Amino acid sequence: MNVSRYRLLFKKLSLKLKRASGTPLDLLRLFFAEKPDSQEKQLIFVGTVMHARIARIAKWLKRHNKLSDYKFILICDHYRYSNKLTGDLFDEVHLYTNQISLRYQLKKTKSNNSVYHLFGPPYDAIKIALKHINLSKAFFDYQDLLVSNFGLNPPFDYMREGLKVEQQVISSVRGIICHSLELQSAKNHFGNFSTPSLYFPNYADNDAFIVPKNKFDQDNIHIVYAGSVYSAFRNSDYFGSSQLHWLIELFEKQKIHFHIYPSPVNNQEELVDYFILDEECEYFHFHKSVSQKELGSTLAKYDFGILPFFNSKTKRIIDKRKYSTTLKLFNFIESGLPIIVSEDVLFQEFLARKYNASIKVSEKDLANLKEVLSNINYQNMTEEIKKRREELSLQTHISSLVNFYFD
């Protein structure tokens with residue numbers, strides 16, 4: 001484990017140096033880049049880590065008639081980009097390697113008719129973009145906010161620096177696109193601000209809908225989790241919610257099959273524990289990450305999804321469980337899966353209930369999960385999910401985001 005810890009530390013330090021510095025060629029390109037006097041209509045997505053939700057939203061925006069003559073551009077960190085999340089969706093993809101190359105790309109793609117869709121955290125890209133774009137045409141898209149982790153006194157230096165950018169972007173852009181309720185946490189800690197906001201939960205992606213199962217085998221239960229996981233050497237104060245060793249052990253004792261598909265942006269060093277557990281455990285199965293295109297049909301093979309985030313597993317403040325959301329919730333719904341949801345994740349359980357997909361559990365309930373699951377009407381749940389996901393879908397609600405850009 002120490003080897004993985006040091007490899008991850010070395011990788012992060014190397015990337016930090018690469019992002020902070022620039023080659024002479026980068027400087028020359030920036031210096032001689034012409035400022036385009038362009039009137040081209042563009043929707044430019046700018047962020048550091050490529051989040052799966054961005055590709056989903058961009059796909060449906062691209063189909064909207066009001067944006068049919070817009071060019072879709074992605075600007076993202078070369079080292080945190082995954083083609084598994086985007087495919088060939090964007091008309092142009094510009095991957096920056098350091099701050100200077102990011103400034104160059106912002107300069108080269110500048111247009112008087114650009115709308116900027118900024119996404120984070122992390123805020124490396126946004127920090128630079130705030131100085132070089134027209135903020136009256138910029139919108140900030142968030143799912144998670146740094147401030148909802150530890151308030152204004154986080155234990156990490158990078159997070160303290162990130163909070164400054166977070167407060168700045170929230171107060172300076174034209175609008176905020178809220179996939180969760182964590183903006184309430186920002187108001188509690190930063191104070192009130194007047195920036196308009198749009199409540200826009202991730203919603204279900206109509207393209208990913210799978211016909212649900214009608215039943216499951218009580219003696220051969222398969223539960224699936226898709227998303228980031230972390231080995232035990234990572235800081236448990238922050239990563240504890242996604243260190244799932246305890247859950248693997250609990251399901252192994254009950255002879256419940258548990259499948260994990262890690263996020264495509266997970267570092268391999270963070271997964272070492274799970275490769276070992278896959279070898280040691282009969283009922284735990286650790287799979288390779290899959291693309292968003294493959295995810296729906298992959299998840300649909302199983303019986304239940306799970307959101308196992310409990311207060312006892314982390315030192316992050318209550319705001320994180322109270323107000324947060326996660327894309328995997330909607331991935332499960334798209335695949336027709338009822339979701340075993342922690343009672344501690346209040347907003348996520350509310351959303352799952354809106355789709356009639358929630359099986360709310362306490363941490364104690366998980367120790368006797370087979371009995372809990374024996375009391376549900378699986379067929380009724382899956383039929384309700386199938387009906388409700390059409391009403392609460394991206395296709396149905398994408399116009400509200402388009403209108404928010406231009407109101």
Side-chain angles (χ1 to χ4, degrees), residues 40-78 80-96 102 105-106 108-111 113-122 125-126 129 133 137-144 169 173-180 198-209 263-265 290-296 325-331 334 392-407:
E40 188 171 23
K41 293 181 178 180
Q42 301 177 144
L43 182 54
I44 305 178
F45 295 80
V46 182
T48 306
V49 176
M50 186 57 207
H51 299 296
R53 74 177 187 276
I54 298 303
R56 289 160 57 96
I57 293 169
K59 178 182 67 176
W60 284 98
L61 288 170
K62 201 169 187 178
R63 296 176 183 178
H64 199 280
N65 62 313
K66 286 188 178 180
L67 297 173
S68 60
D69 55 348
Y70 273 70
K71 179 187 285 186
F72 278 60
I73 297 172
L74 172 67
I75 299 176
C76 186
D77 188 330
H78 170 78
R80 303 303 299 274
Y81 169 78
S82 173
N83 189 57
K84 286 185 176 181
L85 299 178
T86 60
D88 57 359
L89 169 66
F90 293 92
D91 299 307
E92 295 179 9
V93 175
H94 300 280
L95 302 179
Y96 68 87
L102 172 56
Q105 289 158 7
L106 291 170
K108 289 294 289 184
T109 56
K110 189 175 181 180
S111 167
N113 283 317
S114 290
V115 174
Y116 291 91
H117 190 119
L118 310 178
F119 58 93
I126 289 179
I133 65 173
K137 295 185 177 181
F139 297 82
F140 172 50
D141 171 311
Y142 80 87
Q143 180 173 294
D144 302 291
V169 68
V173 294
R174 179 173 172 177
I176 305 170
I177 302 160
C178 308
H179 298 293
S180 72
L198 172 70
Y199 171 68
F200 191 81
N202 288 305
Y203 293 117
D205 181 355
N206 307 69
D207 290 348
F209 289 172
S263 167
V265 297
V290 297
S291 67
Q292 280 291 300
K293 186 176 181 180
E294 302 170 296
L295 188 57
T325 189
T326 175
L327 184 57
K328 62 180 70 66
L329 184 155
F330 298 91
N331 294 143
E334 290 154 7
L392 297 166
S393 69
L394 279 166
Q395 183 176 21
T396 302
H397 291 277
I398 196 64
S399 288
S400 64
L401 178 52
V402 176
N403 295 334
F404 189 56
Y405 286 147
F406 301 110
D407 282 349

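Every heavy atom of this structure was used, including side-chain atoms; hydrogens, water molecules and symmetry mates were not. Everything numeric here is computed off the predicted structure, so don't read it as measured data. Here, residue 1 is the first one in the sequence, and each next residue gets the next number.
Counting only heavy atoms from C-beta outward, the side chains of Leu89 and Phe72 never approach each other to under 4.5 Å. Annotation: side chain of Val49 is not in contact with side chain of Asp77 (no heavy-atom distance under 4.5 Å). Between Leu67 and Val115, every side-chain heavy-atom pair lies at or beyond the 4.5 Å cut-off.
A pairwise comparison of heavy atoms in Tyr203 and Leu394 identifies CB-N, 3.7 Å as the closest pair. Shortest non-hydrogen contact noted between Glu40 and Asn113 is O-CB, 3.5 Å. Scanning both residues, Phe330 and Pro201, for their nearest heavy atoms gives CZ-CB, 4.4 Å. Glu92 and His94 get closest at one heavy-atom pair: OE1-NE2, 2.8 Å.
Residue Ile75 holds its CD1 atom at 12.5 Å from NZ of Lys108, rounded to the nearest 0.5 Å. Residue Leu43 holds its CG atom at 12.5 Å from NE2 of His64, rounded to the nearest 0.5 Å. We find the NZ-OG distance between Lys328 and Ser263 to be 8.5 Å, quoted to the nearest 0.5 Å. The structure places CD1 of Ile57 at 7.0 Å from CD1 of Ile177, a figure rounded to the nearest 0.5 Å. The CE atom of Met50 sits 5.0 Å away from atom CZ of Phe119, with the distance rounded to the nearest 0.5 Å. For the atom pair Arg63 CZ and Asn206 CG, the distance stands at 8.5 Å (nearest 0.5 Å).
Between the side chains of Asp205 and Trp60, at least one donor-acceptor pair of N or O atoms lies under 3.5 Å. Residues Lys293 and Ser291 bring no donor and acceptor atom of their side chains to less than 3.5 Å of each other.
The closest donor-acceptor contact from the side chain of Ser393 to the backbone of Ala204 lies at 3.5 Å or more, if one exists at all. In this structure, His78 contributes its side chain and Tyr96 its backbone to no donor-acceptor pair below 3.5 Å. Of the possible polar contacts, one joining the Thr48 side chain to the Ala125 backbone as a donor-acceptor pair under 3.5 Å is found. Remark: side-chain polar atoms of His51 are not paired, donor with acceptor, to backbone N or O of Arg53 under 3.5 angstrom. Between the side chain of Thr109 and the backbone N or O of Gln105, at least one donor-acceptor pair lies under 3.5 Å.
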- Message: Ile126 vs Phe140, test: side chain to side chain contact (heavy atoms under 4.5 Å, CB included). Steps then yes/no.
- Response: CA-CA 9 Å; Ile126 289 179; Phe140 172 50; 3.9 Å; yes
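The distance between the ring centers of Phe45 and Phe90 falls below 6.0 angstrom.
Judged as a side chain to side chain donor-acceptor pair (under 3.5 Å), and not counting sequence neighbours, the contacts of Lys62 are Asp91.
With respect to Arg56 and Glu334, a salt bridge is recorded, a charged nitrogen being found less than 4.0 Å from a carboxylate O.
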